[in-house]
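Presented below is the structure to which this report refers.
Bear in mind the structure is a predicted one, so any value in this text is a computation, not a measurement.
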Amino acid sequence: MAEDLTIITGTKQEQYEALIPQITGLLEGEPDLIANLANVAAALKEQFTWLWVGFYRVKNDELVLGPFQGPVACTRIKKGKGVCGSSWAQRKTLIVPDVEKFPGHIACSSASRSEIVIPVIRNSEVVAVLDVDSKELNEFDTVDQIYLEQIVSLINFS
Ligand code: SME
């Protein structure tokens with residue numbers, strides 16, 4: 001496994017297309033979930049320089065902070081609360097162009113302006129969410145949704 005990430009410039013699509021094989025390489029042969037979540041968060045943060053990239057895992061009916069890159073964050077989120085808890089409850093990706101307009105948004109960092117949350121579903125259960133925050137408004141769109149959903153599908157959560 002190569003430990004260096006090759007950062008590329010180009011369209012968002014080109015950046016994801018170059019990143020996905022590298023993430024596949026990082027995950028290959030490594031069974032430890034925390035190690036893999038940590039490297040996926042780091043790879044995304046390095047390529048895209050977003051404010052915050054990380055995972056919350058479902059534990060005892062709460063989301064609990066997992067591996068992430070970025071400023072310190074709230075550790076526990078209840079189902080239905082904030083963007084993360086809403087994505088979990090609705091079992092779908094949520095794109096929030098302006099966090100101030102999302103009722104109940106949990107402001108872990110005051111610098112966050114827009115957000116995308118991808119639920120990780122295994123055996124019909126949400127087992128985690130991938131949360132990404134940006135300092136820019138309107139950062140995320142369906143291109144991010146498609147590729148980030150593809151990236152979480154690469155991770156073995158069992
Ligand atoms: N903004 C999220 C909370 C997590 S932090 O952004 C890292 C939410 O509303 O669920």
Side-chain angles (χ1 to χ4, degrees), residues 12-13 15-17 19-48 50-109 111-134 138-158:
K12 187 153 67 175
Q13 195 161 347
Q15 292 181 63
Y16 278 114
E17 291 286 349
L19 189 59
I20 284 174
Q22 297 190 77
I23 288 179
T24 304
L26 286 168
L27 298 173
E28 210 168 65
E30 177 49 68
D32 189 274
L33 178 60
I34 298 299
N36 287 334
L37 296 182
N39 258 344
V40 170
L44 286 167
K45 179 81 163 72
E46 234 189 316
Q47 174 63 53
F48 291 103
W50 291 316
L51 173 67
W52 198 93
V53 182
F55 292 90
Y56 282 88
R57 293 191 296 153
V58 175
K59 287 192 154 192
N60 301 323
D61 223 34
E62 269 184 325
L63 289 172
V64 180
L65 184 63
F68 71 94
Q69 296 270 320
V72 294
C74 35
T75 53
R76 288 172 190 270
I77 299 174
K78 297 220 180 290
K79 195 171 191 176
K81 299 293 178 194
V83 187
C84 293
S86 299
S87 170
W88 174 18
Q90 295 172 32
R91 305 162 59 85
K92 63 175 197 190
T93 294
L94 295 181
I95 296 171
V96 180
D98 180 349
V99 295
E100 286 181 15
K101 296 193 175 135
F102 187 95
H105 168 257
I106 300 164
C108 287
S109 166
S112 173
R113 307 291 302 282
S114 60
E115 184 164 357
I116 184 169
V117 179
I118 291 91
V120 182
I121 300 175
R122 297 290 183 273
N123 299 321
S124 309
E125 297 287 325
V126 176
V127 294
V129 300
L130 168 62
D131 181 19
V132 184
D133 288 76
S134 170
N138 289 309
E139 174 79 28
F140 306 105
D141 57 23
T142 50
V143 172
D144 299 287
Q145 173 171 359
I146 288 164
Y147 283 106
L148 292 173
E149 287 177 356
Q150 193 179 329
I151 288 167
V152 301
S153 79
L154 299 172
I155 306 168
N156 181 0
F157 271 77
S158 58

Tell me whether the rings of F48 and Y16 are parallel (<30°), tilted (30 to 60°) or perpendicular (>60°). tilted
Mind checking the [atom1]-[atom2] spacing from [X] to [Y]? Nearest 0.5 Å is all I need.
{"X": "S153", "Y": "I118", "atom1": "OG", "atom2": "CD1", "value": "11.5 Å"}
{"X": "Q13", "Y": "I146", "atom1": "CD", "atom2": "CD1", "value": "8.0 Å"}
{"X": "D32", "Y": "L27", "atom1": "CG", "atom2": "CG", "value": "11.5 Å"}
{"X": "E46", "Y": "Q69", "atom1": "CD", "atom2": "CD", "value": "8.0 Å"}
{"X": "C108", "Y": "I77", "atom1": "SG", "atom2": "CD1", "value": "5.5 Å"}
{"X": "L37", "Y": "L130", "atom1": "CG", "atom2": "CG", "value": "9.5 Å"}

Between [X] (side chain) and [Y] (backbone), is there a donor-acceptor pair under 3.5 Å?
{"X": "D141", "Y": "V143", "result": "yes"}
{"X": "N39", "Y": "N36", "result": "no"}
{"X": "S86", "Y": "K81", "result": "no"}

To check you understand the geometry: which heavy-atom pair defines the closest contact between [X] and [Y], and what is its length?
{"X": "L26", "Y": "A43", "value": "CD1-CB, 4.2 Å"}
{"X": "S87", "Y": "V129", "value": "OG-CG1, 4.4 Å"}
{"X": "P119", "Y": "R91", "value": "CG-C, 3.8 Å"}
{"X": "E115", "Y": "C84", "value": "OE2-SG, 4.3 Å"}
{"X": "L19", "Y": "L44", "value": "CD2-CD2, 3.7 Å"}
{"X": "V127", "Y": "F157", "value": "CG2-CD2, 3.8 Å"}

I want to check something: taking the side chain as every heavy atom from C-beta on, are L148 and I116 in contact at a cut-off of under 4.5 Å? yes
Does any non-hydrogen side-chain atom of Y147 lie less than 4.5 Å from one of E17? yes
Could you walk me through whether V83 and D131 satisfy the side chain to side chain contact (heavy atoms under 4.5 Å, CB included) test, starting with their C-alpha distance in whole Å, then the side-chain angles of each, then the deciding distance to 0.1 Å, before giving a yes or no? CA-CA 9 Å; V83 187; D131 181 19; 5.9 Å; no
Step-by-step side chain to side chain contact (heavy atoms under 4.5 Å, CB included) determination, L33 to N156: CA-CA 7 Å; L33 178 60; N156 181 0; over 6 Å; no
Around E100, counting heavy atoms of other residues, nucleotides and ligands shown, do more than 12 lie under 6.0 Å from its CD? no
Are there over 12 heavy-atom neighbours, none belonging to K12, within less than 6.0 Å of that residue's NZ? yes
Evaluation steps, side chain to side chain contact (heavy atoms under 4.5 Å, CB included), between K45 and F68: CA-CA 9 Å; K45 179 81 163 72; F68 71 94; over 6 Å; no
Please identify which of these residues, I95, V96, V117, D133, meets the side-chain contact (heavy atoms from CB on, under 4.5 Å) condition with F140. I95
For V58 and E125, what are the C-alpha separation, side-chain angles and deciding distance, and is it a side chain to side chain contact (heavy atoms under 4.5 Å, CB included)? CA-CA 10 Å; V58 175; E125 297 287 325; over 6 Å; no
